[in-house]
Amino acid sequence: MSEASERSRPDVTDTPLRVQGLEKQFGGITAVDGATFEVERGTLTGLIGPNGAGKSTTFNLITGMLTPDAGTVTFDGEDITGLTPHRIADRGLVRTFQIARELKEMTVLENMMLAPKGQRGERLWRSVLPVTRASVVEQETELLDRVWETLEFFDIEHLAEEYAGNLSGGQRKLLEMARALLTDPDVLLLDEPFAGVNPTLERRLLEHIHELRDQGYTFLLVEHDMDLIMNNCRHVIVMHQGRILTEGTPAEVKANEDVVEAYLGGDV
Ligand SMILES: Nc1ncnc2c1ncn2[C@@H]1O[C@H](COP(=O)(O)OP(=O)(O)OP(=O)(O)O)[C@@H](O)[C@H]1O
Ligand SMILES: [Mg+2]
């Protein structure tokens, strides 16, 4: 992982992600209904809400997996609404993905080597250099170094030769996060990263997230475990029926009667 100082770039704002009036309909269902919120840099922000509130759809709209019917997504001050997932990831905004079936038949190392690579910054000067055998070898070596460094960070380097399909649920979550980090993102969206993860691994994954946050990474986390959200997030955004019901500190959100009602209102 890079040093914190390397991560601060002059052109970035303290509020990397802004979502304004986001809307998405599926047939007759309004999944996201005018969602507006911001995520501050270097925070672990929670996005919560009952089942069907629109959290995953919001993630898909932000990362370009879905196109919004209305509204904008701004990243580092630029409108990225409607860009392809690839372009959005290239700018440093990524979400984790479940390891697809075909990737389960590959080893952990192969999964890492195949992860999309964002070499923002480097790519510019590389593109003006002649492609020589030496430069290709150098890039491959750099990538391999980075892959090992990331595997070691997540304590899964001993699993490098294991098939991804043989990993436990928790180990797979670590691999998913390791893959996402290889793109060198600024902001990571995590949709239920602890689902199926045992308590020991959950604690470890959380430690990693906090460590990365301290380095300057920004996280937006969807999670159903309320205690986990309240104990780990500085800011919590509550979605309900496609809208932002309220947001604030964990204490503020917990004390909000609308939130209690939304959760008890038969949606869960
Ligand atoms: N591709 C789709 N086609 C049709 N309806 C969809 C689609 N994706 C989501 N929906 C609907 O949109 C609404 C919001 O779904 P979404 O998955 O975003 O909720 P969520 O907050 O992530 O819920 P959960 O906590 O259960 O994961 C739900 O009513 C869901 O059924
Ligand atoms: Mg969801």
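Counting starts at 1 for both ligands and their atoms, in listed order. No hydrogens, no waters, no symmetry mates; every other heavy atom, side chains included, goes into these values.
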> Regarding H235 and E247, is there a side-chain donor-to-acceptor distance under 3.5 Å anywhere?
Replying inline: yes

> With L93, which of L220, T218, V187 fulfils side chain to side chain contact (heavy atoms under 4.5 Å, CB included)?
Replying inline: V187

Could you list each nitrogen or oxygen of ligand 1 that sits under 3.5 Å from a protein nitrogen or oxygen, with the atom names and the distance?
unit_1   : atom_1 : unit_2 : atom_2 : d
ligand 1 : 18 (O) : T57    : N      : 2.9
ligand 1 : 18 (O) : T57    : OG1    : 2.5
ligand 1 : 19 (O) : G54    : N      : 3.2
ligand 1 : 21 (O) : A53    : N      : 3.2
ligand 1 : 21 (O) : G54    : N      : 2.9
ligand 1 : 21 (O) : K55    : N      : 2.9
ligand 1 : 21 (O) : K55    : NZ     : 2.7
ligand 1 : 22 (O) : S56    : N      : 2.9
ligand 1 : 22 (O) : S56    : OG     : 2.9
ligand 1 : 23 (O) : G52    : N      : 2.8
ligand 1 : 25 (O) : N51    : ND2    : 3.4
ligand 1 : 25 (O) : K55    : NZ     : 2.7
ligand 1 : 25 (O) : H224   : NE2    : 2.8
ligand 1 : 26 (O) : N51    : ND2    : 2.9

> Are D191 and S56 close enough that a side-chain donor and a side-chain acceptor fall under 3.5 Å?
Replying inline: yes

> Is R91 salt-bridged to D76, going by a charged N under 4.0 Å from an acidic O?
Replying inline: no

>> Taking backbone and side chain together, does N51 place any N/O/S atom at a distance below 2.8 Å from the Mg ion (ligand 2)?
In response: no

> Got a donor-acceptor contact below 3.5 angstrom from the R95 side chain to the L188 backbone?
Replying inline: no

>> Can you confirm whether more than 12 heavy atoms, excluding those of R243, are under 6.0 Å from its CZ atom?
In response: no

